Amino acid sequence: MTKPRIAVVGAGLMGHGIAQVFALAGHDVAITDTVAANLDTAKARIAANLRDLGDDESAVSRVWPVADLGECVRNADFVVEAVLEDMALKRRLFAEIETHARRDAVLASNTSVMPITEIMQGLRHRERALGTHWWNPPFLVPLVEVIGTQWTSSEAIDVTMKLHAAAGKTPAHVKKDVPGFIGNRLQHALWREAISLVEHGICDAETVDAVIKAAFGRRLAVLGPLENADLVGTDLTLAIHRTVLPDIEARRGPSPYLERLVADGKLGFKSGRGFRNWTPEQQAALRSRVFEHLKKSR
Ligand SMILES: NC(=O)c1ccc[n+]([C@@H]2O[C@H](COP(=O)([O-])OP(=O)(O)OC[C@H]3O[C@@H](n4cnc5c(N)ncnc54)[C@H](O)[C@@H]3O)[C@@H](O)[C@H]2O)c1
């Protein structure tokens, strides 16, 4: 049986990586981008990644760069959009994709945080539209959150879950289209408390990161929080929550400490200063440490 044909719209950081995963899994992948330089280099970037990872480099022959959006999506069974995080652009793009794509094609957005409902609300056939939220780099981080809206059919969810599982990903069904889906809600709940600890002088930024990396960060990849709660006992978890929850950060908006960093131009790597100071060498070392760790745990 031939594998579903994939179309990827946007050949940037995420788009080329998503195309790579599907091509390696044996799918024909058409890819398009409005910036010629990004489209023209997509295959070379995929080939370089495959080489670096020791994956089958011939997979790149299944990737077809196409300048025209209509041509890219016309024969696809599954279309995934990975253009800039811009609501108006995504809405316009899906309206155009729908005029070219097959009636039965599933249409997915890789938005990080924008509501899928808002992106897809103008479509004529909203039952085949959903979110697939990949994590960077797409070829190293297993998770793909599959987000349905109130209109998405169970068939579209099912097809999408199976497609990504067969391509070696770990799909997770997000049953309600809530901001941040699952992963970013959890991640930013942790970041809120991390910033609060620094804001209130309980420790400095280095210490927050050191505590996580030397303690429950070590376990997180193999022990989720709810598994952990069962492991220690829900009664103990309840007792801890009674003591700790009244004291931890619960403000609804961003931290004033974070707002002040941004106002002062302390933007992190891009300005060399954020919660901490970063030389170019330290930045390169951190990026490389993360990449090598993800490669090892693939
Ligand atoms: N970078 C991440 O870590 C990450 C993680 C998960 C999801 N996302 C989401 O994925 C999407 C893409 O992010 P990215 O980091 O790959 O961005 P990127 O800037 O690297 O790539 C976006 C690409 O879209 C192209 N593009 C812009 N308008 C287009 C159009 N009309 N048609 C076709 N191509 C067009 C750009 O030329 C560019 O190549 C965003 O919605 C982002 O929020 C990003």
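Because the structure is predicted, anything quoted here is derived from the model rather than measured. Whatever order the structure lists them in is the order used to number ligands and atoms, beginning at 1.
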Report, in ascending order of atom number, the atoms of ligand 1 lying under 4.0 Å from any heavy atom of Ser112. 6 (C), 7 (C), 8 (N), 9 (C), 42 (C), 43 (O), 44 (C)
Of all protein heavy atoms, the one nearest atom 28 (N) of ligand 1 is Thr34 OG1, 3.6 Å
Specify whether Phe291 and Phe139 have parallel, tilted or perpendicular ring planes, treating 30° as the upper limit for parallel and 60° as the lower limit for perpendicular. perpendicular
Specify the protein heavy atom at minimum distance from atom 10 (O) of ligand 1: its residue, its atom name, and the distance to 0.1 Å. Asn110 ND2, 3.0 Å
Please write down residue, atom name and distance for the protein heavy atom closest to atom 16 (O) of ligand 1. Met14 N, 2.8 Å
Measuring from atom CD of Glu81 to atom OG1 of Thr132, what distance do you get when rounded to the nearest 0.5 angstrom? 8.5 Å
Of the side chain and backbone of Leu69, name the one, both, or neither that has a heavy atom under 4.0 Å from an atom of ligand 1. neither
N/O to N/O below 3.5 Å, does that happen between Thr111 and ligand 1? no
How far is atom 20 (O) of ligand 1 from the closest protein heavy atom, and which atom is that? Leu13 N, 2.9 Å
Going by the ring-ring contact (aromatic ring centres under 6.0 Å, His included) test, which pairs reach into residues 175-218, not counting sequence neighbours? His133-Phe181, His188-Trp191
Is it the side chain (CB and beyond), the backbone, both or neither of Lys90 that lies under 4.0 Å from ligand 1, heavy atoms counted? side chain
Will you find, in the side chains of Thr152 and Thr149, an N or O donor that is under 3.5 Å from an N or O acceptor? yes
of all protein heavy atoms, closest to atom 38 (C) of ligand 1 is Asp33 OD2, 3.4 Å
Quick one: does Trp134 get a heavy atom under 4.0 Å from ligand 1? yes
Quick note on ligand 1: atoms under 4.0 Å from a heavy atom of Val35 include exactly 37 (O)
Could an N or O of ligand 1 be found under 3.5 Å from any N or O of Val9, whether backbone or side chain? no
Looking at ligand 1, is there an atom of it that comes within less than 4.0 Å of some heavy atom belonging to Glu81? no
Taking atom 40 (C) of ligand 1 as the reference point, the nearest protein heavy atom with its distance: Val83 O, 3.1 Å
Which ring-ring contact (aromatic ring centres under 6.0 Å, His included) pairs, counting each pair once, include a residue from residues 224-253, with sequence neighbours left out? none
Give the atoms of ligand 1, by number and element, whose distance to some non-hydrogen atom of Gly12 is under 4.0 Å. 16 (O), 20 (O), 21 (O), 23 (C), 39 (O)
